[in-house]
Amino acid sequence: MADRQASNKVDEYIEKIHYSDRYSDDHYEYRHVILPKPLLKFIPKELFDEKEGTLRLLAEAEWRSIGITQSLGWQHYEVHAPEPHVLLFRRPKNYVPPAQPVVAKANTRKK
């Protein structure tokens, strides 16, 4: 029962994640993601930098595992220590995701 309540809380917090508008310079497109502060309690300890007490730089699979959803190409590039719930992301300007392989459909038409 307690696990279910915790799971419901996490889902509730994930719904409250805030994604900033995108902004850019000559090389990158940026955005910041603001996690609800209570969500930090549910993030696995191995994702934190013990020395700094903040999240460490996360690989895509790691930031997706804590509920962040974004299009492809974003890189978690900086942690803002005074606000550990704010994650900074960037990707190359004019990023084009890799082409997905086309899967041929079997001919299922009846003759």
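All values below come from the heavy atoms of this structure, side chains included, with hydrogens, waters and symmetry mates left out.
- Across Pro84 and Leu55, no two heavy atoms sit closer than the pair O-CD1, 4.3 Å.
- At a threshold of 4.0 Å, the pair Lys93-Glu29 does not count as salt-bridged, since none of the basic side-chain nitrogens sits closer than that to a carboxylate oxygen.
- Evaluation of the salt bridge (Lys or Arg N to Asp or Glu O under 4.0 Å) rule for Glu60 yields Arg64 as partners, not counting sequence neighbours.
- Within the cation-pi definition used here (under 6.0 Å to the ring centroid, within 45° of the axis), Arg90 does not qualify as a partner of Tyr30.
- Taking NE2 of His32 as the start and CZ of Arg22 as the end, the distance is 13.5 Å to the nearest 0.5 Å.
- Side chain of Tyr19 to main chain of Gln70: no donor-acceptor pair is present (N/O by atom type, distance under 3.5 Å, no hydrogens or angles).
- In Glu50, the CD atom is not crowded: 12 or fewer heavy atoms of neighbouring residues, nucleotides or ligands sit closer than 6.0 Å.
- For the side-chain contact (heavy atoms from CB on, under 4.5 Å) test with Leu87, the passing option among Leu57, Val79, Ile68, Ile34 is Ile68; the others fail.
- Contact record, Trp74 with Ser71: CD1-O, 3.0 Å, taken as the closest heavy-atom pair.
- Ring pair Phe89/Trp63: centre-to-centre distance below 6.0 Å.
- Phe48 and Leu88 are not part of a single hydrophobic cluster, where members link through side-chain heavy atoms under 4.5 Å apart.
- Annotation: side-chain contact (heavy atoms from CB on, under 4.5 Å) contacts of Glu62 (sequence neighbours excluded): Leu47, Arg56, Leu58, Ala59.
- Across Arg31 and Tyr23, no two heavy atoms sit closer than the pair CA-CE2, 3.9 Å.
- Listed here is the closest heavy atom pair of Gly73 and Pro92: O-CD, 4.4 Å.
- Taking the side chain as every heavy atom from C-beta outward, Val10 and Ile66 never approach each other to under 4.5 Å.
- Applying the side-chain contact (heavy atoms from CB on, under 4.5 Å) criterion to Lys16, with sequence neighbours excluded, gives Glu12, Pro36.
- No more than 12 heavy atoms of other residues, nucleotides or ligands shown are found within 6.0 angstrom of CG on Asp21.
- Within the 4.5 Å cutoff, the side chain of Leu35 has no heavy atoms near those of the Val86 side chain.
- Side chain of Thr54 to backbone of Ala81: no donor-acceptor contact under 3.5 angstrom is found.
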